[in-house]
**Q** 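Just passing along the structure, written as structure tokens.
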Amino acid sequence: MPTTRSVALAALALSAALHLPPAFAAPPDPARLFTEHCAACHGGDRLGAIGPALLPENLGRLKPAEAESIIRHGRPATQMPGFAADVLDDAAVTALAAYVFTPLPAMPVWGEAEITASRILHRDPATLPAAPQHGADPLNLFTVVEAGDHHVSIVDGDRFTVLDRFPSRFALHGGAKYSPDGRFVYLASRDGWIAKYDLHSLALVAEVRAGVNTRNVAVSADGRVLMVGNTLPHTLVALDAGDLNPLAVIPVADAAGNGSRVSAVYAMPPRGAFVAALKDIREVWEIPWGEPGRFPVRRMETADHLDDFFFDPPYRHLMGASRDGRRGIVVDMDAGAMVAELDLPGMPHLGSGISFSHEGRTVMATPHLREAVISVIDTGTWTTLRRIAMPGPGFFLRGHETTPYAWGDAYMGREKDVIPVIDTRTLEIVRTLRPAPGKLTAHVEFTRDGRHALVSVMEDEGALVVYDAATFAEVARLPMRKPIGKYNVWNKISYSSGTSH
Ligand code: HEC
């Protein structure tokens with residue numbers, strides 16, 4: 001029986017014999033190719049979904065030749081796959097690369113009016129109960145983001161039971177954020193929706209669409225303001241944390257008017273300000289939340305584009321990593337100037353860094369997305385104290401004030417199923433756990449008291465595996481649909497040094 005391939009070859013041979021161009025050499029139709037191969041992740045209208053928007057306005061410093069290379073080879077450490085030549089030939093790749101640099105007939109407008117009109121109030125805030133309606137410790141709950149079927153689970157951190165499970169908007173960003181009292185959780189989805197959920201009544205309170213493509217949301221330490229960082233449009237959006245009404249839409253651009261996507265926005269409690277990392281311009285922005293209705297921007301120029309931040313515990317210094325992954329820089333937030341360079345090879349994932357004390361010094365430790373090491377840096381001298389060899393390049397690292405152990409992963413390596421445990425006193429790996437052999441396993445979070453560590457088996461038929469943090473014995477296993485992240489209320493609101501904020 002002839003295969004499709006042999007028929008195609010026969011047709012090719014025939015057309016060559018007749019000196020006719022082969023039938024499938026017609027110029028590729030990029031819109032059709034895009035719908036077939038790209039739209040599921042990048043949106044039918046190129047406005048983004050799980051993958052970013054692919055518009056000239058949003059491709060920043062990317063060059064068409066680089067876009068072609070990304071389409072052929074994918075992007076390591078992300079969900080962007082490579083397309084083999086028998087799926088997309090050279091002509092198709094070139095046509096698609098040109099297509100993503102073609103402007104849309106009209107850019108979507110998403111300003112204050114659209115944000116306000118999108119708001120949905122699910123519960124009248126006046127009717128919310130004064131006390132928790134469940135028997136669990138309200139400060140030892142976990143919000144678990146299940147990417148497999150776009151759900152969120154609320155887990156009791158003492159009994160390890162699921163108190164509620166509800167559908168989320170499409171593709172939540174992992175990082176759930178809490179109000180300072182731990183009562184409300186705020187969730188951001190890639191398509192711009194911000195949801196507010198009440199942990200007392202286990203109910204959704206309100207939602208608003210703050211952008212077309214969104215990176216993340218931060219909560220002010222006084223609990224009054226949310227700041228949303230968008231990649232489309234190029235804006236930061238301040239929302240009233242109470243009712244999610246917009247307070248301000250801040251255009252993100254440099255002095256010359258060049259717009260930029262926001263890489264991430266964080267809260268810096270001791271400074272009373274948000275700080276934003278910007279993808280396309282060499283600036284870091286500090287925006288205080290203390291003046292009602294006003295969000296003045298303090299711009300700090302940086303030597304490089306910074307993608308990812310870490311702060312020393314007093315929030316005096318910001319450590320940033322450049323996307324090219326070749327170095328890190330340290331910015332003194334008071335002076336607004338760079339004070340040191342960090343020796344950080346292999347794409348540090350500073351957003352997952354942790355702080356702890358080692359031989360009397362405050363150090364920070366960070367995994368690297370491209371090198372199988374954890375770098376341990378002395379935050380007094382900004383020198384590298386140790387490179388801990390890991391079983392593979394990792395994504396996350398977690399510790400807790402009550403335990404000497406820091407838990408990593410080998411997410412980017414070949415052995416994706418291991419959880420290496422490091423003793424922070426010796427900076428050596430003392431244990432390697434394998435909760436689900438052969439399955440991608442990563443992202444650890446401790447309970448409030450640090451006695452248990454929850455690990456994610458990040459597969460569609462995945463699980464949350466609970467370990468005794470001192471004996472490393474398995475205590476419980478909860479089935480979950482690709483639990484990409486889990487966030488303990490107390491560890492987040494107390495700004496535990498063992499977790500990202
Ligand atoms: C399974 C999901 C998925 C599919 C299918 C997919 N992409 Fe992507 N793509 C992504 C993600 C996620 C990223 C962001 C990677 C990162 O974080 O750098 C990305 C990034 C890109 C980038 C780089 C954008 C930038 O700002 O640097 C280009 C260009 C791109 N994709 C083109 C395509 C094209 C063309 C197709 C179809 C032939 C396609 N992608 C199919 C998920 C996907």
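These numbers come from the heavy atoms of this one structure, side chains and all, not from hydrogens, waters or symmetry mates. All ligand and atom numbering here is 1-based and tracks the order in the structure.
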**Q** Should you measure from each heavy atom of Leu96, which atoms of ligand 1 turn up under 4.0 Å away?
**A** 38 (C)

**Q** What atoms of ligand 1 come closer than 4.0 angstrom to any heavy atom of Leu88?
**A** 38 (C)

**Q** Examine ligand 1 and decide if any of its atoms is less than 4.0 Å from a heavy atom belonging to Glu68.
**A** no

**Q** Any side-chain donor paired with an acceptor under 3.5 Å for Thr302 and Arg282?
**A** no

**Q** Between Lys196 and Phe184, is NZ or CZ placed under 6.0 angstrom from the six-membered ring centre and within 45° of the ring axis?
**A** yes

**Q** Side chain or backbone of Phe34 under 4.0 Å from ligand 1, or both, or neither, by non-hydrogen atoms?
**A** neither

**Q** Identify which one of Thr231, Asn213, Asp280 satisfies the side chain to side chain donor-acceptor pair (under 3.5 Å) criterion when paired with Arg261.
**A** Asp280

**Q** Would you please say whether a donor-acceptor pair under 3.5 Å links the side chains of Thr143 and Tyr178?
**A** yes

**Q** Begin with the C-alpha distance, continue with both residues' side-chain angles, and end with the deciding distance and a verdict on side chain to side chain contact (heavy atoms under 4.5 Å, CB included) for Leu54 and Tyr99.
**A** CA-CA 9 Å; Leu54 294 178; Tyr99 184 62; over 6 Å; no

**Q** Under 2.8 Å from atom 8 (Fe) of ligand 1 - does any N, O or S atom of His42 fall there?
**A** yes

**Q** By number and element, which atoms of ligand 1 are closer than 4.0 Å to a non-hydrogen atom of Arg261?
**A** 26 (O)

**Q** Consider every N or O of His37 and every N or O of ligand 1, then say whether any pair is closer than 3.5 Å.
**A** no

**Q** Does ligand 1 have any atom sitting under 4.0 Å from a heavy atom of Val93?
**A** no

**Q** Would you mind running through ligand 1 and noting each atom that sits below 4.0 Å from a heavy atom of Cys41?
**A** 1 (C), 2 (C), 3 (C), 4 (C), 5 (C), 42 (C), 43 (C)

**Q** Within the 4.0 Å heavy-atom shell around Leu59, which atoms of ligand 1 are there?
**A** 24 (C), 25 (C), 26 (O)

**Q** Please determine whether a side-chain nitrogen of the Lys or Arg among Lys486 and Glu445 lies less than 4.0 Å from a carboxylate oxygen of the Asp or Glu.
**A** no

**Q** Within the stated cut-off of 2.8 Å, is an N/O/S atom of Gln79 closer than that to atom 8 (Fe) of ligand 1?
**A** no

**Q** Are more than 12 heavy atoms, taken from residues, nucleotides or ligands other than Glu66, located less than 6.0 Å from that residue's CD atom?
**A** yes

**Q** Decide whether His173 and Asn216 meet the rule of one side-chain donor and one side-chain acceptor closer than 3.5 Å.
**A** no

**Q** For residues Val331 and Gly336, report the shortest heavy-atom separation together with the two atoms involved.
**A** CG1-C, 4.3 Å

**Q** Is it the side chain, the backbone, both or neither of Pro81 that has a heavy atom closer than 4.0 Å to ligand 1?
**A** side chain

**Q** Give the atom numbers and elements of ligand 1 that come within less than 4.0 Å of a heavy atom of Ile71.
**A** 35 (C)

**Q** Identify whether the distance between the nearest side-chain nitrogen and carboxylate oxygen of Lys439 and Glu461 falls below 4.0 Å.
**A** no

**Q** With heavy atoms only and a cut-off of under 4.0 Å, state how Arg75 meets ligand 1: side chain, backbone, both or neither.
**A** side chain

**Q** Answer with yes or no whether Pro52 contacts ligand 1, where contact means a heavy atom under 4.0 Å from a ligand atom.
**A** yes

